[in-house]
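The figures that follow rest on heavy atoms only: side chains count, while hydrogens, waters and symmetry mates do not. Order of the sequence lines sets the chain letters (A, B, ...), proteins ahead of strands, with each chain counted from 1.
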2 protein chains.
Amino acid sequence: MRIGEAAVASGMTTKTLRFYEASGLLPATERATNGYRDYGADTTARLDFIRRSRAAGLTLAQIRDILQIRDVGEAPCMHVRDLLARQLADLDRQIAELLALRATVAEFHDAASEPDPAACDPDRICSYL
Amino acid sequence: MRIGEAAVASGMTTKTLRFYEASGLLPATERATNGYRDYGADTTARLDFIRRSRAAGLTLAQIRDILQIRDVGEAPCMHVRDLLARQLADLDRQIAELLALRATVAEFHDAASEPDPAACDPDRICSYL
DNA sequence: CTTGACCTTCCAGTGTAGGGGAAGGTACAG
DNA sequence: CTGTACCTTCCCCTACACTGGAAGGTCAAG
């Protein structure tokens, strides 16, 4: 399978596949005599895994760690479980931060929706912020 | 007021102040005869405004736009109101995305918390993702 | 006279996940 | 022989908000 076919099969671009190889997510492939990369069928499964992991919000670095564990022959289950737990905690933190920010912005917006020219002080730039 | 004093007064670094000047958030200041920047008292109010705006999640580009409106002598109230409305909508979108992602990750995590060695298929890298 | 705390400019790097495009090799159809 | 559709490596660019560091000028104290 050449890089273009692998790209179509995985819904990624050839640029992305080369980038993943350079980033350590894909092993250096066999090369045909003309120098072209020649991917095996397992590459498609690997790319699908990468896509699923990306969809779960994992970074390429985290995905690379999982793949490396699998590549040395171990089952990455425990590592993945811990990773997902941390990911959940991180998401909860981010959501809480955004909700707090939303409340702050909503207050500002409510104030700005009741225009009060008297409150307008040029020295303060804008009284609604 | 020299840049170090202005930095302490605003809780920012001198690096940040120079960066803000280069980014168009602070006007080019007067210079003392030795070339040092000499800030007026209004700079502190401006930096406070920038800090409040940053706390509301506005980007430097958005803040620069507000400041420019104020600098040409107009009241940026209307612009700020619209900006806050868009900011609210954007936050709602981001929060919704994160909540959806959280649900996905929670599902994965629940599955990973009930280890099932039989489901472990090396070809799939990890069955929990 | 020197030390240290300031200040100046400018260049480069941080992290994330690729994208754009140049310059050149390869394979096959017409 | 030429067009075209691939492929290769290489380096630079994007957004965001700074941060680090080099090389050098200024000023007051000891």
Side-chain angles (χ1 to χ4, degrees), chain A residues 1-39 43 46-47 49-67 83 87 90-91 94 97-98 101, chain B residues 1-40 43 46-47 49-67 83 86-87 90-91 94 97-98 101:
Chain A
M1 197 167 35
R2 291 194 308 189
I3 195 170
E5 301 172 75
V8 169
S10 62
M12 300 170 175
T13 67
T14 59
K15 277 282 190 189
T16 299
L17 265 60
R18 290 193 200 94
F19 175 70
Y20 283 174
E21 179 179 320
S23 305
L25 282 97
L26 290 180
T29 59
E30 302 266 316
R31 297 294 181 119
T33 53
N34 55 12
Y36 290 10
R37 286 172 180 78
D38 187 12
Y39 293 102
T43 299
R46 201 176 176 95
L47 289 173
F49 174 77
I50 295 175
R51 204 162 27 66
R52 289 196 304 274
S53 302
R54 292 280 300 131
L58 299 188
T59 65
L60 295 188
Q62 291 172 323
I63 300 170
R64 184 179 51 219
D65 290 347
I66 299 173
L67 289 168
L83 208 51
Q87 179 77 344
D90 202 45
L91 282 171
Q94 284 183 53
E97 274 178 22
L98 282 186
L101 181 56
Chain B
M1 197 167 35
R2 290 192 310 190
I3 196 170
E5 300 171 76
V8 169
S10 62
M12 300 171 175
T13 67
T14 59
K15 279 280 190 190
T16 299
L17 264 61
R18 291 194 199 94
F19 174 70
Y20 282 174
E21 180 181 317
S23 306
L25 282 95
L26 291 180
T29 59
E30 303 264 316
R31 296 294 181 117
T33 53
N34 55 12
Y36 291 9
R37 287 173 179 79
D38 188 13
Y39 293 102
T43 298
R46 201 177 176 95
L47 289 172
F49 174 78
I50 295 175
R51 205 162 25 66
R52 289 196 304 273
S53 302
R54 292 279 301 132
L58 299 188
T59 65
L60 295 188
Q62 291 172 322
I63 300 170
R64 185 179 51 220
D65 290 346
I66 299 173
L67 288 169
L83 208 52
R86 258 176 290 149
Q87 179 76 346
D90 202 45
L91 283 172
Q94 283 183 55
E97 274 177 21
L98 282 186
L101 182 56

Student: Considering every strand and a 4.0 Å limit on heavy-atom distances, what is the contact class for B:Thr59: base, sugar-phosphate, or nothing?
Tutor: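 Sugar-phosphate only.
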Student: I want to confirm an ordering. Mapping B:Arg54 and A:Gly4 to their closest nucleotides on DNA chain D, which one lands closer to the 5' end?
Tutor: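 Result of the comparison: A:Gly4.
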Student: Under 4.0 Å from OP1 or OP2 of C:dG19: is there any side-chain N or O of A:Thr16 that close?
Tutor: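 The answer is yes; a side-chain N or O of A:Thr16 sits under 4.0 Å from OP1 or OP2.
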Student: Starting from P on D:dC16, measure out to CG on B:Asp90 and report it in whole angstrom.
Tutor: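 In whole Å, D:dC16 P and B:Asp90 CG are 12 Å from each other.
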Student: Do A:Arg46 side-chain atoms and A:Leu26 backbone N/O form a donor-acceptor pair below 3.5 Å?
Tutor: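 No, because the side chain of A:Arg46 does not come within donor-acceptor range (under 3.5 Å) of the backbone of A:Leu26.
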Student: Any sub-3.5 Å donor-acceptor pair from B:Gln87's side-chain atoms to B:Ala56's backbone N or O?
Tutor: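 Checked: pair present.
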Student: Expressed as a whole number of angstroms, how long is the span from A:Arg31:CZ to C:dG25:P?
Tutor: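 Rounded to whole Å, this separation is 16 Å.
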Student: Can you check the B:Leu26 CG to D:dA17 C1' distance for me, whole Å?
Tutor: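 B:Leu26 atom CG is separated from D:dA17 atom C1' by 14 Å.
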Student: Hey, which sits more toward the 5' end of DNA chain C by its nearest nucleotide, A:Tyr36 or B:Asn34?
Tutor: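 Final value for this comparison: B:Asn34.
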Student: Can you measure A:Ile50 atom CD1 to C:dT16 atom P for me and round it to whole angstrom units?
Tutor: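 For the pair A:Ile50 CD1 and C:dT16 P, the rounded distance is 16 Å.
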Student: Under 3.5 Å, side chain of A:Arg64 to main-chain N/O of A:Ser23, donor-acceptor pair present?
Tutor: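 A pair under 3.5 Å: yes.
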Student: Given C:dT9, is OP1 or OP2 found less than 4.0 Å from the side-chain N or O atoms of B:Arg37?
Tutor: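 So the side chain of B:Arg37 is within the cut-off, an N or O lying under 4.0 Å from OP1 or OP2 of C:dT9.
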Student: Should B:Tyr20 be listed as having a side-chain N or O under 4.0 Å from OP1 or OP2 of D:dC18?
Tutor: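 So the side chain of B:Tyr20 is within the cut-off, an N or O lying under 4.0 Å from OP1 or OP2 of D:dC18.
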Student: Nearest of D:dC18, C:dG18, C:dC7 to any side-chain atom of A:Phe19?
Tutor: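 Of all the options, the side chain of A:Phe19 is nearest to C:dG18.
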Student: Checking B:Arg54 side chain against B:Leu58 main chain: does a donor-acceptor pair fall under 3.5 Å?
Tutor: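 It does hold such a pair.
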Student: How long is the line joining CG of B:Asp38 and P of C:dT8, in whole Å?
Tutor: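 Distance check: B:Asp38 CG to C:dT8 P gives 11 Å.
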Student: Output yes when at least one side-chain N/O atom of B:Arg2 is less than 4.0 Å from OP1 or OP2 of D:dC27, else no.
Tutor: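 For D:dC27, neither OP1 nor OP2 has a side-chain N or O of B:Arg2 closer than 4.0 Å.
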Student: Specify the separation, in whole Å, of atom NZ of A:Lys15 and atom P of D:dT8.
Tutor: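 So the NZ-P distance, A:Lys15 to D:dT8, works out to 11 Å.
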Student: Provide, to the nearest angstrom, the distance between the CD1 atom belonging to B:Ile63 and the P atom belonging to D:dC16.
Tutor: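 Nearest whole value for this atom pair: 12 Å.
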Student: Atom CD1 of A:Ile3 and atom C1' of C:dA27: how far apart are they, to the nearest Å?
Tutor: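 Checked: the CD1 to C1' distance equals 17 Å.
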Student: Check this one for me: any side-chain N or O of B:Thr13 less than 4.0 Å away from OP1 or OP2 of D:dT19?
Tutor: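 Indeed, a polar side-chain atom of B:Thr13 lies that close.
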Student: Think A:Arg18 has a side-chain N or O under 4.0 angstrom from the OP1 or OP2 of C:dG20?
Tutor: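 No, outside the criterion.
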Student: Is the backbone N or O of B:Arg31 less than 3.5 Å from a side-chain atom of B:Asp38, with the two atoms forming a donor-acceptor pair by type?
Tutor: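 It does not hold such a pair.
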